[in-house]
Amino acid sequence: MTHDPVSVVREFLQVVRSGADPGQADRLMATAVNAHQVQAEDARTITRTPQEYAEHVEEMLAASGPFHLKIDELFGSGDKVYARWTQNGVHVGNIDGLAPTGRPIIQVTSCVYRVADGKIVEYWIQIDRWGLRAQLAG
């Protein structure tokens, strides 16, 4: 595995975050990752293990079925990598207390990852949560 931060994040997005193989999180993430949830309505920082991240991806799969993740932008400087992606799925499970509608859903997300020794050690993620809610309500 290459230790180039952009390559690490690309593989993480294509393999783990995409739902293709969430179990690979332990190979691409440090044992404890600071995850800064940058949301206007509830900004917070949590610590996630690779196992907890894999479980998070499994929850996304349960809510939106197998989804397609397209990397729209990916570039880095030093140990930081910026990524923006679009995720397309179908509302097949509970999302934020809303019962499945069967509607297509699109999530636009951006994130800055910090990589050390070939593994993600920290990230700052922004997800268009209000846009998702508007899709589910409409």
Can a donor-acceptor pair be found between the side chains of N34 and T45 at a distance below 3.5 Å? no
For [X] against [Y], the heavy-atom pair lying closest together:
X: F67; Y: G19; result: CZ-N, 4.3 Å
X: P104; Y: Q135; result: O-OE1, 4.0 Å
X: T47; Y: E52; result: O-OE1, 3.6 Å
X: G23; Y: D26; result: O-OD1, 3.1 Å
X: P22; Y: A54; result: O-CB, 3.4 Å

Residues in side-chain hydrogen bond (donor to acceptor under 3.5 Å, both in side chains) contact with S110, at least two apart in sequence or another chain: none
Would you give the length of the straight line joining atom [atom1] of [X] to atom [atom2] of [Y], rounded to the nearest 0.5 angstrom?
X: E59; Y: N94; atom1: CD; atom2: CG; answer: 11.0 Å
X: R84; Y: T109; atom1: CZ; atom2: OG1; answer: 10.5 Å
X: D117; Y: I120; atom1: CG; atom2: CD1; answer: 13.5 Å
X: R103; Y: H91; atom1: CZ; atom2: NE2; answer: 9.0 Å
X: E55; Y: T49; atom1: CD; atom2: OG1; answer: 7.0 Å
X: Q87; Y: S64; atom1: CD; atom2: OG; answer: 6.0 Å

Remaining members of V92's ILVMFWY cluster at a side-chain heavy-atom cut-off under 4.5 Å? V90
Does [X] share a hydrophobic cluster with [Y], counting links as ILVMFWY side-chain heavy atoms below 4.5 Å and allowing steps through other members?
X: I125; Y: Y53; value: yes
X: I106; Y: I95; value: no
X: M29; Y: V121; value: no
X: L28; Y: L61; value: yes
X: V108; Y: L69; value: no

Validation row: [X], [Y] side chains within 4.5 angstrom (heavy atoms):
X: Q37; Y: I46; answer: yes
X: V81; Y: L74; answer: yes
X: V115; Y: H3; answer: no
X: E11; Y: R27; answer: yes
X: Y123; Y: R48; answer: yes

Taking the six-membered ring where the residue is Trp, are the ring centres of Y113 and F12 under 6.0 Å apart? yes
Closer than 3.5 angstrom, by distance alone: can the side chain of K70 be matched with the main-chain N or O of N88 as a donor-acceptor pair? no
Mutual orientation of the aromatic rings belonging to W124 and H36 [parallel < 30°, tilted 30-60°, perpendicular > 60°]: parallel
